[in-house]
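All values derive from a computational prediction rather than experimental measurement. Reminder, nothing fancy here: chain letters follow the sequence lines and each chain counts from 1.
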Number of protein chains: 2
Amino acid sequence: MEFAAHGFEAASTRSIAAAADTQQPQINYHFESKEALWKAALDHLFDRLDESMRRHAAALPAPVTARDRLAVTVRSFVHAAAELPELNRIMVHESTVPSDRLRWIVDRHTRPRFELVATEWRAARATGEVPPIDESVLYYSLVGAASLAYVNAPEAELLGYNTLDPAFIVAHADALVLTFLPAPISEPQRPVREGTTT
Amino acid sequence: MEFAAHGFEAASTRSIAAAADTQQPQINYHFESKEALWKAALDHLFDRLDESMRRHAAALPAPVTARDRLAVTVRSFVHAAAELPELNRIMVHESTVPSDRLRWIVDRHTRPRFELVATEWRAARATGEVPPIDESVLYYSLVGAASLAYVNAPEAELLGYNTLDPAFIVAHADALVLTFLPAPISEPQRPVREGTTT
DNA sequence: GTCTATAATTAGATAGAC
DNA sequence: GTCTATCTAATTATAGAC
């Protein structure tokens with residue numbers, strides 16, 4: 001993906017067309033503009049992200065507690081980030097400077113997904129199953145921890161590590177569950193239910 | 001910084017010159033090429049990273065154990081990442097695709113810093129003070145967790161969070177120490193010294 | 001050293017043949 | 001729908017006046 005490798009401005013419609021084995025004017029025939037092509041590419045990548053996360057979640061044991069649900073989300077996201085490095089590459093390319101494109105992504109794709117993780121985190125916080133970390137701090141720490149190894153795969157390769165090796169990906173998912181969702185030491189506090197006295 | 005905001009290719013020498021209140025040809029007068037300017041900018045940013053980390057480390061309690069030393073490194077890096085978002089922005093822009101520029105950065109700047117963290121991590125692993133996580137997994141998880149909130153600050157702003165707020169930065173550093181360097185539950189295993197019997 | 005003018009190349013988008 | 005040719009604007013780098 002040219003947009004993932006070079007960013008929106010530096011990705012030329014000529015190289016995008018060449019990668020698709022066609023000619024540059026075909027882009028303006030099939031899409032209204034370079035930006036319309038970019039938006040279509042992002043909608044497609046986010047669809048693939050959702051599909052990848054659902055597929056990996058289905059392969060994991062069914063969660064029972066709120067912490068279990070987060071563990072499934074974390075493991076699924078690590079696997080999806082490894083499977084779709086292009087998406088997180090585009091996200092960091094676009095998120096470094098305010099723009100209409102960034103507002104479009106955040107409104108359409110980022111905010112609903114952030115709210116999903118924040119809601120899961122609040123549920124696990126309420127039962128004392130996870131460490132006392134604010135949801136915004138948690139979100140950026142977790143997403144960054146889960147995605148950089150794949151976003152920066154060419155750099156890791158030069159350091160001598162193949163982060164796309166399935167063994168790396170599984171070790172990575174294990175490590176993030178171990179660190180962000182450690183097994184609770186004390187008994188998890190049950191949420192206080194109405195009408196129940198302790 | 002135009003390179004941080006748009007990446008090498010998309011940053012025009014005209015806008016760089018305009019930001020420095022001068023004319024575009026001045027760049028080719030003072031530097032051999034656009035790439036030479038970029039290399040000078042990166043050398044300068046890495047110097048500032050080292051200075052920032054030293055300054056923040058000096059403001060923290062002196063470390064005793066290997067885990068303490070890592071905690072100082074983590075806290076200093078979080079503060080430096082917040083202070084210098086441009087550097088990590090350039091790093092993700094450049095690390096997504098193999099290039100001569102990427103090789104230049106890795107050889108000159110990334111590898112020595114990676115080895116430093118890996119060495120500190122191995123020392124703490126040997127005494128059982130930190131979780132059983134491979135150094136490559138740890139490196140990308142930690143750097144990603146520490147930098148994304150500042151790399152993606154414009155995105156966080158649209159989600160309603162000011163990640164450059166000192167309160168966020170401190171909570172972020174606390175969270176990463178809590179997760180990646182939890183206080184050991186069991187007594188840390190002392191490394192076996194030669195000539196010592198237990 | 002600093003500026004204007006410009007050369008050589010490449011960008012996204014369009015016109016029009018087939 | 002697919003192609004070649006081309007338009008306008010932007011790019012890096014250089015030439016040369018001051």
Side-chain angles (χ1 to χ4, degrees), chain A residues 1-47 86-87 89-109 154, chain B residues 1-47 86-87 89-105 108-109 154:
Chain A
M1 254 284 270
E2 297 293 316
F3 287 136
H6 306 105
F8 179 83
E9 287 108 336
S12 79
T13 54
R14 274 181 174 78
S15 51
I16 294 169
D21 245 314
T22 184
Q23 295 73 34
Q24 181 262 338
Q26 293 294 77
I27 286 169
N28 289 90
Y29 178 78
H30 290 285
F31 298 91
E32 197 182 301
S33 64
K34 182 183 176 181
E35 186 163 317
L37 165 67
W38 178 88
K39 287 183 175 176
L42 256 84
D43 281 345
H44 180 64
L45 280 169
F46 273 103
D47 279 349
E86 301 90 353
L87 178 56
R89 282 173 188 159
I90 292 178
M91 291 304 291
V92 288
H93 274 131
E94 295 294 336
S95 300
T96 57
V97 70
S99 73
D100 287 339
R101 290 197 305 277
L102 178 57
R103 271 182 290 278
W104 181 88
I105 306 180
V106 169
D107 288 342
R108 192 178 173 92
H109 295 294
Chain B
M1 253 287 270
E2 296 293 316
F3 287 137
H6 307 103
F8 178 82
E9 288 108 336
S12 80
T13 53
R14 270 181 176 77
S15 50
I16 295 169
D21 245 313
T22 183
Q23 294 74 34
Q24 180 262 339
Q26 294 293 78
I27 286 168
N28 288 90
Y29 178 77
H30 289 284
F31 298 91
E32 198 182 302
S33 65
K34 182 183 176 180
E35 186 164 316
L37 166 67
W38 178 88
K39 287 183 175 176
L42 257 85
D43 281 345
H44 179 64
L45 280 170
F46 272 103
D47 280 349
E86 301 90 352
L87 178 55
R89 283 173 188 159
I90 292 178
M91 291 303 291
V92 288
H93 274 129
E94 294 295 335
S95 299
T96 57
V97 70
S99 73
D100 287 339
R101 288 197 307 276
L102 178 58
R103 271 183 289 279
W104 181 89
I105 305 182
R108 191 177 174 93
H109 295 294

(message) Do Asp43(B) and His109(B) make a side-chain contact, defined as non-hydrogen atoms from C-beta onward lying under 4.5 Å apart?
(response) yes
Expressed in angstrom and rounded to an integer, what is the separation of [X] atom [atom1] from [N] atom [atom2]?
X        : N       : atom1 : atom2 : value
Gln23(A) : dT2(D)  : CD    : C1'   : 7 Å
Ile27(A) : dT14(C) : CD1   : P     : 13 Å
Tyr29(A) : dT2(D)  : OH    : P     : 7 Å
Phe31(A) : dT14(C) : CZ    : P     : 15 Å

(message) To check you understand the geometry: which heavy-atom pair defines the closest contact between Pro154(B) and Ser95(A), and what is its length?
(response) CD-O, 3.1 Å
(message) Quick check against the 3.5 Å criterion: does Lys34(B) have a side-chain atom that pairs as donor or acceptor with the backbone of Ile27(B)?
(response) no
(request) Ignoring hydrogens and angles, tell me if any N or O in the side chain of His93(B) forms a donor-acceptor pair with the backbone of Arg89(B) under 3.5 Å. (result)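 A pair under 3.5 Å: yes.
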(request) Kindly compute the distance separating NE2 (His44(A)) from CG (Leu42(A)), expressed to the nearest 0.5 Å. (result)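 His44(A) NE2 to Leu42(A) CG: 11.0 Å, rounded to 0.5 Å.
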(request) With rounding to the nearest 0.5 Å, note down the distance linking CD1 in Ile90(A) to CZ in Phe8(A). (result) 11.0 Å
With 3.5 Å as the limit, what N/O pairs link the protein to nucleotides 9-12 of chain C?
from, atom 1, to, atom 2, distance (Å)
dG12(C), OP1, Ala11(A), O, 3.3
dG12(C), OP1, Thr13(A), N, 3.1
dG12(C), OP1, Lys34(A), NZ, 2.9
dG12(C), OP2, Thr13(A), N, 2.8
dG12(C), OP2, Thr13(A), OG1, 2.7
dG12(C), N7, Arg14(A), NH1, 3.1
dG12(C), O6, Arg14(A), NH2, 3.3

